[in-house]
K.L.:
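Questions regarding the structure given below will be posed in turn.
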Amino acid sequence: MTDDDRIKLEPSWKAALRAEFDQPYMHQLREFLRAEHAAGKEIYPPGPLIFNALNSTPLDQVKVVILGQDPYHGPGQAHGLCFSVQPGIPTPPSLVNIYKELQRDLNLPIPAHGYLQSWAEQGVLLLNTTMTVERANAASHAKKGWEFFTDRIIQVVSEQCPNVVFLLWGAHAQSKQKLIDASKHLVLKSVHPSPLSAYRGFFGCGHFSRTNSFLQQRGMAPIDWALPPL
């Protein structure tokens, strides 16, 4: 994001979010990121992948929203989809727990990788509320402006898309519930799938089967949560 020409945004999102790029917070965010790069800091995900969640899941195809907090801060992990890691990277603990619940809920085998791109391409918006992070420094880009942008993304989905399932795992994700019109969407909440909390209610939540039931009842194709091998 150090160079505006590098921002390649899927057309439906660009149309819906165009005004955001002119907001003061976005100018401040650009300056912050430029300064971080100029100081030699390593920022994740790589520039072309910052908006991967939006580019992989066009606005008019959003069926499910999963909210994460900020990108993984280890080398090679983050690629712009929350909870997902790039091919060849070990599956992080929270995603392992997501897989365990998928196995319990839908009897799916646990994948050998953590690459969730196929979910995104089926209409699962895998959105981190902060979209960049400094290497080895968790939450380092929180409260720098990204939250204004991602709050607007959540509002746009709520306003413009029909019958979306919002999966809000943990207190941070649940703090965004006020942006969602629960009269037209399904909001499912649980504790975070982190090893610190998953045993307090994430395991057994049944969110994946409940999501597919909701979609099918409204004449929409369910999500195939089984990940293809790499």
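Given the structure is predicted, the values throughout are model-derived calculations rather than measurements. Starting from 1, each residue takes its place in the sequence as its number.
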K.L.:
Would you indicate whether Phe148, at its atom CZ, is surrounded by more than 12 heavy atoms from other residues, nucleotides or ligands within a distance under 6.0 Å?
P.N.:
no

K.L.:
Would you check if Ile50 and Trp146 make a side-chain contact, meaning some heavy-atom pair closer than 4.5 Å?
P.N.:
yes

K.L.:
For Ser197 and His192, what are the C-alpha separation, side-chain angles and deciding distance, and is it a side-chain hydrogen bond (donor to acceptor under 3.5 Å, both in side chains)?
P.N.:
CA-CA 6 Å; Ser197 58; His192 196 276; 4.8 Å; no

K.L.:
Using every non-hydrogen atom in the two residues, find where Cys205 and Gly201 come nearest and quote the distance to one decimal.
P.N.:
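Taking Cys205 first and Gly201 second, the nearest heavy atoms are CB-O, 3.6 Å.
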
K.L.:
Please table the atom pairs, donor to acceptor, closer than 3.5 Å between any side-chain atom in residues 116-127 and protein atoms at least two apart or in another chain.
P.N.:
residue : atom : partner : partner atom : Å
Gln117  : NE2  : Ser56   : OG           : 2.7
Gln117  : NE2  : Glu121  : OE2          : 3.4
Trp119  : NE1  : Trp225  : O            : 3.0
Gln122  : OE1  : Asp224  : N            : 2.8
Gln122  : NE2  : Ser118  : O            : 3.2
Gln122  : NE2  : Asp224  : O            : 3.0

K.L.:
Indicate if Leu102 and Ile223 have the same hydrophobic cluster label, given that clusters are the connected sets of ILVMFWY residues with side-chain heavy-atom separations under 4.5 angstrom.
P.N.:
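Yes.
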
K.L.:
Run the side-chain contact (heavy atoms from CB on, under 4.5 Å) test on Phe83 and Trp169 for me, step by step, so that the C-alpha distance in whole Å, both residues' side-chain angles and the decisive distance to 0.1 Å come before the verdict.
P.N.:
CA-CA 12 Å; Phe83 292 104; Trp169 299 334; 4.0 Å; yes

K.L.:
Using modelled atom types only, decide if a donor and an acceptor are shared between the side chain of Ser140 and the backbone of Asn137 within a distance under 3.5 Å.
P.N.:
yes

K.L.:
Listed by chain and number, what are the side chain to side chain donor-acceptor pair (under 3.5 Å) partners of Glu147, not counting sequence neighbours?
P.N.:
Thr130

K.L.:
I'd like to know if the side chain of Ser213 reaches the main chain of Ser209, judged simply by a donor and an acceptor atom lying under 3.5 Å from each other, with no hydrogens or angles considered.
P.N.:
yes

K.L.:
Could you report the tightest heavy-atom contact between Leu17 and Phe21, atom names first, then the distance?
P.N.:
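Residues Leu17 and Phe21, closest heavy atoms: O-CD1, 3.5 Å.
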
K.L.:
Is there any salt bridge (Lys or Arg N to Asp or Glu O under 4.0 Å) pair reaching into residues 171-200, and which pairs are they, with sequence neighbours excluded?
P.N.:
Asp151-Lys176

K.L.:
Checking Tyr44 against Glu134 for the side-chain contact (heavy atoms from CB on, under 4.5 Å) test, could you report, in this order, the C-alpha distance in whole Å, the side-chain angles of both residues, the deciding distance, and whether it holds?
P.N.:
CA-CA 6 Å; Tyr44 300 139; Glu134 179 189 344; over 6 Å; no

K.L.:
Does Glu101 reach the main-chain N or O of Gly204 with its side chain, forming a donor-acceptor pair under 3.5 Å?
P.N.:
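Flag set: sc Glu101 to bb Gly204 pair under 3.5 Å.
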
K.L.:
Can you pull the salt bridge (Lys or Arg N to Asp or Glu O under 4.0 Å) pairs that have at least one residue in residues 60-74, sequence neighbours excluded?
P.N.:
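As it turns out, there is no salt bridge (Lys or Arg N to Asp or Glu O under 4.0 Å) pair with a partner in residues 60-74 once direct neighbours are skipped.
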
K.L.:
Pair up each side-chain donor or acceptor in residues 86-99 with any protein partner under 3.5 Å, not counting sequence neighbours, and list the distances.
P.N.:
residue : atom : partner : partner atom : Å
Gln86   : NE2  : Ala78   : O            : 3.3
Asn97   : ND2  : Pro193  : O            : 2.8
Tyr99   : OH   : His113  : O            : 2.7

K.L.:
Are Leu67 and Leu167 in one and the same hydrophobic cluster, where Ile, Leu, Val, Met, Phe, Trp and Tyr link if side-chain heavy atoms are under 4.5 Å apart?
P.N.:
no

K.L.:
Would you say Ile180 and Phe149 are hydrophobically clustered, going by side-chain heavy atoms of ILVMFWY under 4.5 Å?
P.N.:
yes

K.L.:
Check for a donor-acceptor pair, side chain of Glu10 on one end and backbone N or O of Trp13 on the other, with a separation under 3.5 Å.
P.N.:
yes

K.L.:
Are the side chains of His37 and Arg34 in touch, meaning some heavy atoms are under 4.5 Å apart?
P.N.:
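SC-SC contact between His37 and Arg34 ruled out.
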
K.L.:
Mind checking whether Ser158 and His185 have side chains closer than 4.5 Å, heavy atoms only?
P.N.:
yes

K.L.:
Show your reasoning for whether side-chain contact (heavy atoms from CB on, under 4.5 Å) applies to Leu168 and Leu188.
P.N.:
CA-CA 6 Å; Leu168 306 183; Leu188 297 177; over 6 Å; no

K.L.:
Could you walk me through whether Val65 and Val164 pass the side-chain contact (heavy atoms from CB on, under 4.5 Å) check?
P.N.:
CA-CA 7 Å; Val65 177; Val164 173; 3.9 Å; yes

K.L.:
If you apply the rule side-chain hydrogen bond (donor to acceptor under 3.5 Å, both in side chains), what do you find for Tyr25 with Glu20, and how did you get there?
P.N.:
CA-CA 9 Å; Tyr25 79 80; Glu20 298 303 303; 2.7 Å; yes

K.L.:
Roughly how far, to the nearest 0.5 Å, is CG of Asn55 from CG of Leu81?
P.N.:
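Rounded to the nearest 0.5 Å, the CG-CG separation comes to 10.0 Å.
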
K.L.:
At what distance, to the nearest 0.5 angstrom, does NE2 of His207 lie from CG of Leu186?
P.N.:
8.5 Å

K.L.:
How far does CZ of Arg152 sit from CD of Gln23, to the nearest 0.5 angstrom?
P.N.:
10.0 Å

K.L.:
With sequence neighbours left out, what residues match Ser175 under side chain to side chain donor-acceptor pair (under 3.5 Å)?
P.N.:
none

K.L.:
If Ile, Leu, Val, Met, Phe, Trp and Tyr residues are connected whenever their side-chain heavy atoms lie under 4.5 Å apart, and connections chain through other members, are Phe208 and Val62 in the same group?
P.N.:
no

K.L.:
Hydrophobic clusters here meaning ILVMFWY residues chained together by side-chain heavy-atom distances under 4.5 Å, can you tell me if Val156 and Val165 are in one?
P.N.:
no

K.L.:
For the aromatic rings, using the six-membered ring if either is Trp, is the centroid distance between Tyr115 and His79 under 6.0 Å?
P.N.:
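That pair passes the under 6.0 Å test.
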
K.L.:
Does Ile66 reach the side chain of Cys82, with side-chain heavy atoms less than 4.5 Å apart?
P.N.:
yes

K.L.:
Going by atom types only, do Thr129 and His172 share a side-chain donor-acceptor pair under 3.5 Å?
P.N.:
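Checked: Thr129/His172 side chains pair up, N/O donor to acceptor below 3.5 Å.
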
K.L.:
Side chains of Glu36 and Lys41: does their closest heavy-atom pair fall under 4.5 Å?
P.N.:
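Result yes, sub-4.5 Å side-chain heavy-atom pair found.
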
K.L.:
Is there a side-chain contact between Leu215 and Asn163, using heavy atoms and a 4.5 Å cut-off?
P.N.:
no

K.L.:
Is a donor on one side and an acceptor on the other found under 3.5 Å between the side chain of Arg218 and the backbone of Phe214?
P.N.:
yes

K.L.:
Any side-chain heavy-atom pair from Tyr72 and Asn128 closer than 4.5 angstrom?
P.N.:
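They are not in contact (no side-chain heavy atoms under 4.5 Å apart), so the answer is no.
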
K.L.:
So, do Val133 and Ile43 sit near enough that their side-chain heavy atoms are less than 4.5 Å apart?
P.N.:
no

K.L.:
Ignoring hydrogens and geometry, is there a side-chain-to-backbone donor-acceptor pair from Gln174 to Ser190 under 3.5 Å?
P.N.:
yes

